[in-house]
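Following: one structure in structure tokens, then a few remarks.
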Amino acid sequence: PELEREHPERNDALLSDLARSTGGQYYVGAASVLGGTGMPELAAQLPDRTETTYLSGVKDLDFETEWMWTLLAVIAGALFLEWTLRRLMKLA
């Protein structure tokens with residue numbers, strides 16, 4: 001339990017052996033993770049597992065926003081048309 005306090009340094013040899021025995025690679029430092037030391041970049045080795053999931057019953061916020069703007073435009077257009085017709089026919 002006190003090993004980390006007694007020896008706080010990183011054991012590169014043990015970590016490298018562990019990675020090699022499990023079929024992985026051991027990266028030392030941020031430069032090696034980003035591909036700066038000749039090793040392949042870590043992010044390039046990870047497979048892309050992007051998924052798009054559609055949930056039924058969930059509101060589509062983009063559609064609702066567009067629908068509300070359309071309704072607002074129709075109502076404002078109708079009020080403007082009514083006001084213009086009243087002005088042209090001298091009813092107001």
Side-chain angles (χ1 to χ4, degrees):
E2 296 295 321
L3 290 177
E4 287 187 11
R5 291 193 180 144
E6 293 172 6
H7 303 289
E9 62 273 350
R10 181 179 60 218
N11 189 346
D12 288 333
L14 177 65
L15 293 173
S16 179
D17 287 341
L18 179 64
R20 199 174 316 113
S21 67
T22 58
Q25 291 183 344
Y26 177 60
Y27 291 91
V28 181
S32 63
V33 170
L34 299 174
T37 61
M39 294 181 73
E41 187 176 338
L42 179 62
Q45 294 184 16
L46 299 174
D48 183 21
R49 297 194 179 195
T50 304
E51 292 182 7
T52 302
T53 305
Y54 297 101
L55 302 174
S56 61
V58 176
K59 293 182 179 182
D60 185 2
L61 295 179
D62 293 334
F63 173 74
E64 283 193 11
T65 303
E66 290 295 323
W67 178 243
M68 290 301 155
W69 281 109
T70 303
L71 286 177
L72 178 65
V74 167
I75 292 169
L79 289 173
F80 175 75
L81 181 64
E82 188 257 345
W83 178 81
T84 305
L85 289 174
R86 283 178 169 265
R87 287 286 175 189
L88 291 176
M89 301 180 104
K90 296 182 177 28
L91 297 175

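Small disclaimer: the values here were computed from a predicted structure and weren't measured.
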- Going from CZ on Arg87 to CD on Glu82, what distance comes out if it is rounded to the nearest 0.5 angstrom? 11.0 Å

- Could you give the distance from CH2 (Trp69) to CD (Glu66), rounded to the nearest 0.5 Å? 9.5 Å

- Note on the structure: residues 8-34 vs side-chain hydrogen bond (donor to acceptor under 3.5 Å, both in side chains), sequence neighbours excluded, gives Arg10-Asp12, Arg10-Tyr26, Asp12-Tyr26, Ser16-Arg20, Asp17-Arg20, Gln25-Tyr27, Gln25-Gln45, Tyr27-Gln45

Determine all donor-acceptor pairs shorter than 3.5 Å in which one atom belongs to a side chain in residues 49-56; sequence neighbours excluded.
{"unit_1": "Thr50", "atom_1": "OG1", "unit_2": "Asp48", "atom_2": "OD1", "d": "2.6"}

- CG/Leu91 to CH2/Trp83 distance, rounded to the nearest 0.5 angstrom? 13.5 Å

- Could you state the interatomic distance from CD (Glu41) to CG (Leu46), rounded to the nearest 0.5 Å? 9.5 Å

- Query: Who else is in the cluster with Leu85 when I, L, V, M, F, W and Y are joined by side-chain contacts under 4.5 Å?
  - Reply: Leu81

- Could you state the interatomic distance from CE (Met68) to OG1 (Thr65), rounded to the nearest 0.5 Å? 8.5 Å

